[in-house]
> 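Take this structure, written in structure tokens, and hold onto it; I'll ask about it next.
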There are 2 protein chains.
Amino acid sequence: MKGEGKPTINDVAAAANVSKKTVSRVINKSPLLSDKTRAKVEAVIKDLGFVPNLQARALALRRNFIIAAIHDNPNAQFLVNVQQGILEGIEGSEFGLMVQPFDRNTEDFEQKVRAFLERQRPYGVVLLPPISSDEAIVDLCREMGTRYVRMSSIKNDDEAHIVSSNDRDAVREATAYLIEKGHTRIGLIEGPEGFTSPQERRAGFEEAMTAAGLSLDPALVRPGSYTFESGVTAAQDLIALDHPPTAIFACNDEMAIGAMITCRRSGMLIPEDISIVGFDDTPLSSHVWPSLTTVRWPIVEMARTAAQKLIEPDDAAAQMPWMLPSNLVERGSVVPPK
Amino acid sequence: MKGEGKPTINDVAAAANVSKKTVSRVINKSPLLSDKTRAKVEAVIKDLGFVPNLQARALALRRNFIIAAIHDNPNAQFLVNVQQGILEGIEGSEFGLMVQPFDRNTEDFEQKVRAFLERQRPYGVVLLPPISSDEAIVDLCREMGTRYVRMSSIKNDDEAHIVSSNDRDAVREATAYLIEKGHTRIGLIEGPEGFTSPQERRAGFEEAMTAAGLSLDPALVRPGSYTFESGVTAAQDLIALDHPPTAIFACNDEMAIGAMITCRRSGMLIPEDISIVGFDDTPLSSHVWPSLTTVRWPIVEMARTAAQKLIEPDDAAAQMPWMLPSNLVERGSVVPPK
DNA sequence: CAATTAATTGACACCGGTGCCATTCAAGGT
DNA sequence: ACCTTGAATGGCACCGGTGTCAATTAATTG
């Protein structure tokens with residue numbers, strides 16, 4: 001250790017009077033090392049405060065210690081939950097989390113992703129919805145040999161490369177719950193087109209209705225885009241109908257709250273006049289009044305699992321769960337119809 | 001290029017029939033290169049699809065291409081805005097953004113931060129509030145030679161290392177606005193203790209009151225913690241007073257909305273019965289009804305500037321703006337008192 | 001006790017770039 | 001034509017680790 005700068009493996013080797021390769025073995029917890037030597041080297045490492053240089057290891061191992069979360073502008077709460085989950089998943093490892101958003105609407109979207117992967121060469125990437133169902137991007141990962149795990153609402157890859165939740169089942173359950181309460185005219189506020197998650201949620205809704213022998217009145221199905229405003233608009237349409245619904249299922253909480261506020265603004269009482277169910281279980285859903293009955297989406301757990309799969313070998317990843325349960329959270333926004 | 005794997009600088013050198021050092025010069029846009037050679041090498045680079053290996057550059061240059069955002073669990077919208085700003089700031093560069101939260105309440109908080117910096121050795125870190133005013137962490141950065149920029153609400157460092165906003169001025173302005181409308185009994189919902197931003201906001205409030213010759217009734221000052229619930233609690237206290245305020249300034253939007261909902265739930269009309277002003281200009285503030293008059297906090301711009309300062313040399317960074325204006329956004333939650 | 005085998009450890013090239021200094025080459029001066 | 005000078009390029013060590021394989025040492029066996 002020549003006076004200043006961080007100590008390197010050479011400094012440790014010199015101080016412990018062993019070869020750098022031996023120090024390397026200690027760092028990597030190699031089993032073929034005598035306990036005596038290991039102890040000696042570990043003492044020196046601790047003494048010198050040596051921390052292995054990740055850049056050098058990255059170069060030598062031809063892989064770095066970066067997990068990248070690639071997304072396309074989802075909402076803030078979702079994004080932060082995913083980040084939290086990934087960080088939990090890599091906690092204790094040497095990995096760091098890099099985040100990189102992309103705009104799927106730009107012409108050179110795919111080029112941008114490619115450039116990012118070529119430049120940073122992350123060890124693995126977590127593909128967030130809706131990018132996770134973009135096969136072109138997944139192909140890109142495969143082509144470049146970048147490990148990836150998709151967070152998706154359907155099983156569109158093998159067990160090692162996907163983490164999903166059973167949204168369809170959960171929505172079916174939630175809708176059945178409304179039906180069980182006595183609702184027969186149930187409005188549906190859909191999510192944006194071209195995404196898989198709203199498709200699944202809608203499918204679950206339809207399945208429950210069909211199973212209960214209820215017809216799906218097209219007038220009760222309104223488009224939405226997962227935004228507060230779209231929830232407002234959809235709700236305005238629904239309550240303006242000649243035979244308005246007695247309950248609304250919105251494909252996410254933000255729209256559900258938009259609907260809730262809209263209904264109240266037009267003089268309705270919630271849940272007495274109209275029941276509302278959302279999806280996501282965002283923090284806001286327990287803040288509003290009445291608190292929103294919704295479906296909890298295990299997004300943090302999903303992200304944690306995705307990250308763990310990335311840093312485990314493929315065969316171990318395939319053994320880990322690939323589907324995590326979404327489930328109904330009963331709060332105060334649902335009662336039987338009048 | 002031996003058949004497979006990504007092409008390296010050696011492959012380019014061989015194909016262009018120059019030394020690898022010359023290729024290196026091309027990559028680094030060195031001026032002492034003949035145009036002919038440069039053109040030739042660039043053609044080969046493009047042809048081979050060569051992308052320099054950042055890990056190798058990092059090792060050789062003894063610096064990597066990572067900007068880290070270090071934070072302590074702020075709210076999701078804030079965090080995402082900061083990330084967006086930083087990403088805008090590093091757009092076009094080779095840098096990537098790594099995020100790492102820490103819990104300041106744990107015993108080994110400082111150790112954790114140190115371990116992270118020693119392990120990943122980011123080129124620079126953006127310190128988000130409230131960590132940005134933790135001198136121990138800043139000292140850590142200095143000691144380790146890690147570049148840093150603080151995002152803070154006060155100027156607690158030199159121009160090259162800080163980006164702030166004039167929150168105090170903005171709150172003074174906002175409060176003066178309420179006073180100008182005719183309010184004299186104005187409630188204040190404070191932010192969490194130990195943070196600088198709520199201190200500044202409170203200071204601005206007091207300055208405006210004092211300047212208008214209004215006394216600061218302690219009963220009208222309620223604690224808060226930037227959460228929705230704390231806004232609810234504080235508002236309940238305020239409206240239960242014998243002489244309740246005719247207006248409330250909440251130190252952030254979330255509490256303001258908590259207060260808004262609480263007032264309405266107890267039968268008051270907003271803004272007729274009570275005016276409310278928040279701070280942050282979160283998306284929600286324009287969604288609620290009536291839309292919330294608030295102070296826009298230029299957080300994205302601040303983060304962008306912070307990132308730009310990090311990747312510029314110190315002297316250039318010192319020339320960049322270090323204070324960005326916060327300003328009042330008049331919406332619908334303020335009218336003169338009855 | 002020598003021979004064989006297993007357990008440790010070391011030497012050295014290499015990962016893919018950059019820094020420093022030497023070398024080559026073309027242009028300008030006399 | 002010869003020397004000087006500056007521009008352009010190359011050679012080689014080095015950044016801080018790891019992989020491969022050889023060398024050394026310790027343990028086991030006949």
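What's counted below: heavy atoms across the whole structure, side chains too, no hydrogens, waters or symmetry copies. So that the names make sense, note that chain A is the first sequence line, chain B the second, and so on, each numbered from 1.
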> Calculate the interatomic distance between A:L54 atom CG and D:dC15 atom P; express it in whole Å.
18 Å

> Using the side chain to side chain donor-acceptor pair (under 3.5 Å) criterion, which residues pair with B:Q84? Sequence neighbours excluded.
B:E88

> Counting only N and O atoms by type, is there a donor-acceptor contact under 3.5 Å from the side chain of A:R121 to the main-chain atoms of A:T146?
no

> Round to the nearest Å and state the distance from B:N10 atom CG to D:dG11 atom P.
12 Å

> Please identify each residue that fulfils ring-ring contact (aromatic ring centres under 6.0 Å, His included) with A:H161, with sequence neighbours left out.
A:Y148

> Which nucleotide in the list D:dT18, C:dG16, D:dG16 gets nearest to the side chain of A:A56?
D:dG16

> If the threshold is 4.0 Å, N to carboxylate O, is there a salt bridge linking A:K309 and A:D314?
no

> Would you tell me if any nitrogen or oxygen in the side chain of A:R57 comes within less than 4.0 Å of OP1 or OP2 on D:dG16?
no

> Could you check whether any side-chain N or O of B:R62 sits under 3.5 Å from a backbone N or O of B:A60, counting only pairs where one atom can act as donor and the other as acceptor?
yes

> List the steps and the verdict of salt bridge (charged side-chain N to carboxylate O under 4.0 Å, His left out) for A:R150 and A:E135.
CA-CA 11 Å; A:R150 309 158 102 155; A:E135 295 300 331; 2.6 Å; yes

> Please report the C-alpha distance between A:N53 and B:R119 in whole Å, then the side-chain angles of each, then the deciding distance to 0.1 Å, and finally whether the side-chain hydrogen bond (donor to acceptor under 3.5 Å, both in side chains) criterion is met.
CA-CA 7 Å; A:N53 183 321; B:R119 183 158 30 86; over 6 Å; no

> In whole angstroms, how far is the P atom of D:dG17 from the CD1 atom of A:I27?
6 Å

> Hey, which sits more toward the 5' end of DNA chain D by its nearest nucleotide, B:P31 or A:V51?
B:P31

> Evaluate the side-chain proximity of A:R104 to A:D134: yes if any heavy-atom separation is below 4.5 Å, no if none is.
yes

> Answer yes or no: does a side-chain N or O of A:N28 lie under 4.0 Å from OP1 or OP2 of D:dT18?
yes

> Please give me every residue in residues 58-67 of chain B whose heavy atoms get under 4.0 Å of an atom in DNA chain D, ordered by residue number.
B:L59, B:A60, B:R62

> Nearest whole angstrom, please: distance from the P of D:dG16 to the CD1 of A:I45.
16 Å

> Under the side-chain contact (heavy atoms from CB on, under 4.5 Å) rule, collect the residues that match up with B:S164, sequence neighbours excluded.
B:W322, B:M323

> Quantified as the angle between the terminal helix axes (five pairs each), what is the overall bend of the helix from C:dC1-D:dG30 to C:dT30-D:dA1 to 10 degrees?
50°

> Quick check against the 3.5 Å criterion: does A:K155 have a side-chain atom that pairs as donor or acceptor with the backbone of A:I162?
no

> Starting at NZ of A:K6 and ending at P of D:dG17, how long is that distance when rounded to a whole Å?
12 Å

> Taking only N/O atoms, report every protein-nucleotides 9-13 of chain C pair under 3.5 Å with atom names and distance.
| unit_1 | atom_1 | unit_2 | atom_2 | d |
| --- | --- | --- | --- | --- |
| C:dT9 | OP1 | A:S34 | OG | 3.0 |
| C:dT9 | OP1 | A:T37 | OG1 | 2.3 |
| C:dT9 | OP2 | A:S34 | N | 3.0 |
| C:dT9 | OP2 | A:S34 | OG | 3.4 |
| C:dT9 | OP2 | A:T37 | OG1 | 3.2 |
| C:dG10 | OP2 | A:S19 | N | 2.9 |
| C:dG10 | OP2 | A:S19 | OG | 3.2 |
| C:dG10 | OP2 | A:T22 | OG1 | 2.5 |
| C:dG10 | N7 | A:R25 | NH1 | 3.4 |
| C:dG10 | O6 | A:R25 | NH2 | 2.6 |

> To the nearest angstrom, how far is A:N53 atom CG from D:dG17 atom P?
5 Å

> What's the CG-P distance between B:D11 and C:dC15, to the nearest Å?
10 Å

> Less than 6.0 Å separating the ring centroids of B:Y123 and B:F65?
no

